[in-house]
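Reviewing the structure listed below.
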Amino acid sequence: MKKFIVLWSLLCLFSMVVVANGANEEELASFPQEKITIVCPYSPGGGTDALSRILAKTAEKYMDEIVIVENKTGGGGAVGMAAVATAKPDGYTVSMATIEVALLPQAGLASFETSDLRPIIRVNFDPASIVVRADSPFSTIEEMVEFGRKNPGKLDVMTSSFPTNFWLATTLLEEYSGAKFNKVVAQAGAADQIQNLLGGHIDAITVTPAEVSSHLENGAVRILGIASEERLESFSDIPTMTEAGYDIVIGPWRALMVPAATSDDVVSELERIFTQAFNDQDVVDFMAQYGFGRAYLGSVEMQEDIEKQVAIFKPVIEKYKD
């Protein structure tokens with residue numbers, strides 16, 4: 001009798017596990033079952049917001065639920081990304097994260113760690129570049145670096161503030177080359193930098209190639225080097241930093257990310273949905289129209305890339321954060 005009771009208990013327990021697993025598989029098969037919220041950590045109307053909204057709208061073609069965009073701003077993106085890092089890891093709250101997810105925590109400027117979020121896909125990357133006026137005495141990045149070595153602090157380079165990607169691009173060039181520049185912080189982004197460069201108030205700036213493309217076309221500026229792994233198709237005559245001997249690959253990027261504890265199966269489904277949206281012609285045309293560099297990476301590849309970036313950036317940020 002006791003053996004029968006034990007056997008019956010084990011059978012009941014087994015049936016409960018089977019039923020539970022079946023429910024989980026059925027739930028996953030129908031994911032998503034409610035709306036998905038993409039949290040944009042920057043204000044409405046900007047590039048990150050615009051890209052979030054076109055991806056949200058297009059993703060709805062590939063599932064039966066809606067996708068909304070919610071702006072949570074502050075802290076240079078830290079507030080919005082922190083909100084997702086601490087959200088329920090069920091796949092329904094997604095961050096349109098930027099490179100700041102790999103920078104702010106290292107500088108102690110975020111309430112979360114980079115590892116608190118995991119990527120779905122990367123959708124965009126626009127490398128930084130070093131830009132001078134067309135009448136600059138420097139024709140190559142090597143010439144600029146050589147001047148910076150022989151005349152420390154005499155070359156004014158306008159860039160963004162610590163610890164942003166453009167600041168890092170300039171600082172890494174100093175670290176790798178032994179040059180020393182006088183870094184001047186821009187007050188209003190690329191527009192401020194370009195105005196100061198063209199006005200002769202500054203010697204060089206650090207922005208994306210797309211941001212100075214019109215000035216490049218009319219012959220007002222010269223790009224000395226681009227911080228990408230390979231030459232850009234749209235700027236194929238401009239060398240990379242790596243070609244000059246400085247392994248610097250950095251610039252603004254955007255990626256969809258979720259809380260780190262989100263299951264592999266949910267991440268995989270989100271990756272499938274948003275990859276289809278990324279490849280949709282509406283998104284392709286939108287990104288081309290507004291100059292977003294298309295740079296897809298899947299969840300695994302993006303995770304590896306972020307870890308690589310943190311390993312490179314962290315010691316430099318720690319050196320300068322005090």
Side-chain angles (χ1 to χ4, degrees), residues 40 42-43 45-55 76-77 96-100 103 121-134 136 140-141 144 157-161 164-170 172-173 186-199 202 204-244 246 248-255 278-279 281-297 305 309:
C40 174
Y42 301 99
S43 301
T48 305
D49 176 74
L51 194 53
S52 299
R53 292 183 186 280
I54 187 64
L55 283 167
M96 177 56 87
T98 59
I99 188 174
E100 281 69 27
L103 305 181
I121 62 170
R122 185 181 74 178
V123 296
N124 159 249
F125 172 61
D126 292 299
S129 65
I130 302 293
V131 183
V132 296
R133 288 187 308 279
S136 169
T140 66
I141 198 73
M144 176 178 160
V157 179
M158 183 169 274
T159 187
S160 51
S161 60
T164 60
N165 60 90
F166 294 121
W167 175 89
L168 262 171
T170 309
L172 285 170
L173 183 58
Q187 300 302 311
D192 184 35
Q193 293 191 53
I194 294 168
Q195 182 179 359
N196 275 280
L197 180 69
L198 296 178
I202 212 82
I205 60 175
T206 312
V207 294
T208 68
E211 287 170 322
V212 293
S213 59
S214 61
H215 302 289
L216 185 67
E217 290 172 3
N218 66 27
V221 303
R222 181 187 303 134
I223 300 177
L224 301 184
I226 297 177
S228 58
E229 291 181 344
E230 300 177 350
R231 292 196 181 196
L232 302 183
E233 184 177 346
S234 302
F235 303 89
S236 59
D237 58 332
I238 301 172
T240 66
M241 299 281 202
T242 302
E243 289 178 65
Y246 309 111
I248 303 173
V249 178
I250 191 172
W253 55 253
R254 298 172 177 91
F278 174 82
N279 290 320
Q281 196 61 46
D282 287 345
V283 173
V284 172
D285 292 343
F286 177 89
M287 294 183 72
Q289 179 181 355
Y290 292 99
F292 289 103
R294 286 175 60 81
Y296 178 89
L297 284 178
D305 192 62
Q309 289 182 40

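Since we're looking at a predicted model, the values are computed, not measured.
- Interatomic distance, CG of Leu224 versus CE of Met144, reported as 6.5 Å (0.5 Å rounding).
- For Arg53, the salt bridge (charged side-chain N to carboxylate O under 4.0 Å, His left out) partners are Asp49, not counting sequence neighbours.
- Shown here are the ring-ring contact (aromatic ring centres under 6.0 Å, His included) partners of Tyr42, two or more places apart in sequence or in another chain: there are none.
- Of all the heavy atoms in Ala204 and Ile130, the pair that sits closest is CB-CG2, 4.5 Å.
- Taking the side chain to side chain contact (heavy atoms under 4.5 Å, CB included) definition, one finds that Ala295 meets it with Arg122, Phe125, sequence neighbours left out.
- Here the closest non-hydrogen pair linking Pro127 and Ile226 is CG-CG2, 3.6 Å.
- With sequence neighbours excluded, the residues forming a salt bridge (charged side-chain N to carboxylate O under 4.0 Å, His left out) with Glu243 are Arg231, listed by chain and number.
- Side-chain contact between Arg294 and Val283: present, with at least one pair of heavy atoms (C-beta onward) separated by less than 4.5 Å.
- For the atom pair Cys40 SG and Leu51 CG, the distance stands at 9.5 Å (nearest 0.5 Å).
- Of all the heavy atoms in Thr159 and Thr170, the pair that sits closest is OG1-OG1, 3.7 Å.
- Residues forming a salt bridge (charged side-chain N to carboxylate O under 4.0 Å, His left out) with Asp282 (at least two apart in sequence, or on another chain): Lys61.
- Scanning for side chain to side chain contact (heavy atoms under 4.5 Å, CB included) contacts around Gln187 gives Val185, Asp192, with sequence neighbours left out.
- Scanning for side-chain hydrogen bond (donor to acceptor under 3.5 Å, both in side chains) contacts around Gln309 gives Trp253, Asp305, with sequence neighbours left out.
- Considering OH of Tyr290 and CD1 of Ile54, their distance stands at 9.5 Å, rounded to 0.5 Å.
- To the nearest 0.5 Å, atom CG of residue Leu168 and atom CG of residue Leu103 are 6.0 Å apart.
- To the nearest 0.5 angstrom, Arg133 atom CZ is 9.5 Å from Ile202 atom CD1.
- To the nearest 0.5 Å, atoms CG (Asp237) and CD1 (Ile223) are separated by 8.5 Å.
- Partners of Thr242 according to the side-chain hydrogen bond (donor to acceptor under 3.5 Å, both in side chains) rule, which considers only residues two or more places apart in sequence or in another chain, do not exist here.
- Qualifying side-chain hydrogen bond (donor to acceptor under 3.5 Å, both in side chains) partners for Gln281, counting only residues two or more places apart in sequence or in other chains: Asp285.
- Taking the side chain to side chain contact (heavy atoms under 4.5 Å, CB included) definition, one finds that Ala227 meets it with Ala128, Met241, Ile248, Ile250, sequence neighbours left out.
- The shortest non-hydrogen separation linking Ile238 to Leu216 is CD1-CD2, 4.1 Å.
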Test side-chain contact (heavy atoms from CB on, under 4.5 Å) on Leu198 and Val221 and set out the steps. CA-CA 8 Å; Leu198 296 178; Val221 303; 3.8 Å; yes
side-chain contact (heavy atoms from CB on, under 4.5 Å) between Tyr246 and Leu173: does it pass, once the steps are laid out? CA-CA 7 Å; Tyr246 309 111; Leu173 183 58; 3.8 Å; yes
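- Shortest non-hydrogen contact noted between Met287 and Gly293 is CE-O, 4.0 Å.
- Looking at residues two or more places apart in sequence or on another chain, you find a side-chain hydrogen bond (donor to acceptor under 3.5 Å, both in side chains) between Arg254 and Thr48, Asn124.
- For residues 214-228, no pair satisfies side-chain hydrogen bond (donor to acceptor under 3.5 Å, both in side chains), with sequence neighbours left out.
- Nearest heavy-atom pair, Ala134 versus Gly219, reported as atom, atom and distance to 0.1 Å: CB-O, 3.1 Å.
- Between Phe292 and Phe286, the ring planes lie parallel to each other; the angle is under 30°, not in the 30° to 60° tilted range.
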Begin from the C-alpha positions of Trp167 and Thr206 and carry the test side-chain contact (heavy atoms from CB on, under 4.5 Å) through to its verdict. CA-CA 8 Å; Trp167 175 89; Thr206 312; over 6 Å; no
With side-chain contact (heavy atoms from CB on, under 4.5 Å) as the criterion, how do Gln193 and Val131 come out once you've worked through the C-alpha distance, each side chain's angles and the decisive distance to 0.1 Å? CA-CA 10 Å; Gln193 293 191 53; Val131 183; over 6 Å; no
